[in-house]
Each structure stands twice: as structure tokens, then as C-alpha cells.
Student: 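Shown below is the structure under consideration.
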Amino acid sequence: MSPEEAFSLWGKVQVVAKKYAPAVLDLTEPAIRAFKASVLAYKFRRIKKSFGAYFWGVLSGIFAVEQRKAVGACSILGYNWFEKR
């Protein structure tokens, strides 16, 4: 991977985080999880179009979950599904 490609992927991380998870402060851990999942999909030949597009989709899903955790949207009804009891 060239430095330009890595810079492009980090730009995707920042844009997706700003769009889907403005309340999430730590971007590195979800970005690393998304990158690992994308590399695994690439190795198993599940990516049909481009790595960047697949990475964007994985990022959006992961950051959406992180946003829900940060905001506590499930605790509106009085029960937090992410909390262990």
C-alpha cells in the first residue's frame, strides 16, 4: 500500500466519522476494525468493485454503531441494550 492510498483511506475515515458519528471521539479503534474486516473480505475475494468503496461501507456501519453507543439512543425507553447487567 502506498502512502497516497493510506492517506486516502484515512480521509474516508474522517469523512465517515463526521457524517455518521459526530459524537465519537476516538476514531482509530473503529477504523482499525473496519480496515481488518475489509482486508479479510479482500483476501476471501468478497469485494466486487473497489477496496475503497467496501471500506466506506464497513466504516459507515461501524461508526453508526459507535454513534448509538456514544449517544445512548437505546436508553430512551429506559433500557440500554449495550450495557451488561
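All values reported here derive from a predicted model rather than from experimental measurement. What you see below is based on every heavy atom in this structure, not just the backbone, and it leaves out hydrogens, waters and symmetry mates.
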Student: Nearest heavy-atom pair of Asp26 and Thr28: which atoms, and what distance?
Tutor: OD1-OG1, 2.9 Å
Student: Under a 3.5 Å distance rule, please check whether Ser38 uses its side chain to pair with a backbone N or O of Ala34 as donor and acceptor.
Tutor: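 Checking the backbone N and O of Ala34 against the side chain of Ser38, a donor-acceptor pair under 3.5 Å is found.
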Student: Taking it one step at a time, do Glu66 and Arg33 satisfy side-chain contact (heavy atoms from CB on, under 4.5 Å)?
Tutor: CA-CA 12 Å; Glu66 292 297 320; Arg33 278 191 290 143; 2.7 Å; yes
Student: Donor-acceptor check, side chain of Gln67 to backbone of Ala23, threshold 3.5 angstrom: yes or no?
Tutor: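 Indeed, once roles are kept as given, a pair shorter than 3.5 Å links the two residues.
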Student: Could you tell me which residues satisfy side chain to side chain contact (heavy atoms under 4.5 Å, CB included) with Val39, sequence neighbours excluded, listed by chain and number?
Tutor: Phe35, Lys43, Phe51
Student: Is a donor on one side and an acceptor on the other found under 3.5 Å between the side chain of Gln14 and the backbone of Gly11?
Tutor: no
Student: Any side-chain heavy-atom pair from Phe55 and Lys12 closer than 4.5 angstrom?
Tutor: yes
Student: What are the two closest heavy atoms between Ala31 and Leu59, and how far apart are they?
Tutor: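 Nearest heavy atoms, Ala31 then Leu59: CA-CD2, 4.1 Å.
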Student: Who are the side chain to side chain contact (heavy atoms under 4.5 Å, CB included) partners of Ser60, not counting sequence neighbours?
Tutor: Val16, Tyr20
Student: Are Tyr42 and Ile62 linked, directly or through other ILVMFWY residues, by side chains that come within less than 4.5 angstrom of each other?
Tutor: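 Yes, because Tyr42 and Ile62 connect within a single hydrophobic cluster, where side-chain heavy atoms sit under 4.5 Å apart.
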Student: Work out which heavy atom in Ala17 is nearest to a heavy atom in Leu27; give both atom names and the distance.
Tutor: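 It is CB-CD2, 3.4 Å.
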Student: Between Val15 and Trp10, is the side-chain contact (heavy atoms from CB on, under 4.5 Å) condition met? List the steps.
Tutor: CA-CA 9 Å; Val15 170; Trp10 183 248; over 6 Å; no
